[in-house]
Enquirer: 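Just passing along the structure, written as structure tokens.
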Amino acid sequence: MPLPPELQELSAELSRARITATKAGSMVTVEIDGCGELLGLRIDAHRLDAARLRLIETAIVDAVNEAEDRSAALEEHLYNRMFGDE
């Protein structure tokens with residue numbers, strides 16, 4: 001059974017959305033779509049040394065989690081805009 005048009009529109013808008021988060025002094029940047037799918041990961045290699053490896057690993061997890069939180073907030077905002085606060 002196909003989704004109602006309103007939910008199709010919401011899903012399409014979330015898929016088009018791009019959310020980024022940057023951590024560790026701009027060393028790590030992630031990008032996800034509004035559905036929470038990881039689209040990109042950038043690490044500034046010019047600032048990377050062995051001592052910072054653990055920091056980078058932690059920053060990746062933190063950045064992905066922050067981007068996912070922003071995605072969830074966007075989804076809630078769009079849902080409320082479309083269907084109202086019930």
Enquirer: Distance check, rounded to the nearest 0.5 Å: Glu6 atom CD versus Leu78 atom CG?
Expert: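 Going from the CD atom of Glu6 to the CG atom of Leu78 covers 14.0 Å.
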
Enquirer: Hey, does Leu7 have a side-chain heavy atom less than 4.5 Å from the side chain of Phe83?
Expert: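 A side-chain contact under 4.5 Å exists here.
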
Enquirer: Is there a side-chain contact between Thr22 and Val28 in this structure, where contact means two heavy atoms from C-beta onward sitting under 4.5 Å apart?
Expert: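 No, every pair of side-chain atoms sits at 4.5 Å or beyond.
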
Enquirer: Would Leu74 and Met82 show up in the same hydrophobic cluster when neighbours are defined by side-chain heavy atoms closer than 4.5 Å?
Expert: yes

Enquirer: Starting at CG of Asp69, measure out to CD1 of Ile19 and round the result to the nearest 0.5 Å.
Expert: 10.5 Å

Enquirer: Once you round to the nearest 0.5 Å, how far does CZ of Arg18 lie from CG of Asp33?
Expert: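 Interatomic distance, Arg18 CZ to Asp33 CG, rounded to 0.5 Å: 5.5 Å.
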
Enquirer: I'd like to check Leu41 versus Val64 (side-chain heavy atoms, cut-off strictly below 4.5 Å). Are they in contact?
Expert: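 They are not in contact (no side-chain heavy atoms under 4.5 Å apart), so the answer is no.
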
Enquirer: How long is the span from the CD1 atom in Ile43 to the CD1 atom in Ile60, to the nearest 0.5 Å?
Expert: 4.0 Å

Enquirer: At what distance, to the nearest 0.5 angstrom, does CG of Leu38 lie from OG of Ser71?
Expert: 11.5 Å

Enquirer: Quick one: does Gln8's side chain get under 4.5 Å of Pro2's, heavy atoms only?
Expert: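 Heavy-atom side-chain distance check passes, below 4.5 Å.
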
Enquirer: Just jot down the salt bridge (charged side-chain N to carboxylate O under 4.0 Å, His left out) partners of Glu13, sequence neighbours excluded, or say none.
Expert: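 Glu13 satisfies salt bridge (charged side-chain N to carboxylate O under 4.0 Å, His left out) with Arg81 only.
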
Enquirer: Please check this pair: side chain of Arg70 against backbone of Thr20, looking for a donor-acceptor N/O pair closer than 3.5 Å.
Expert: yes

Enquirer: Can you see which heavy atom on Glu68 is nearest to which on Gly36, and at what distance?
Expert: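 Smallest heavy-atom distance, with atoms named: OE2-O, 4.0 Å.
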
Enquirer: Give a yes or no on whether the backbone of Ser11 and the side-chain of Ser15 come within a donor-acceptor separation of less than 3.5 Å.
Expert: yes

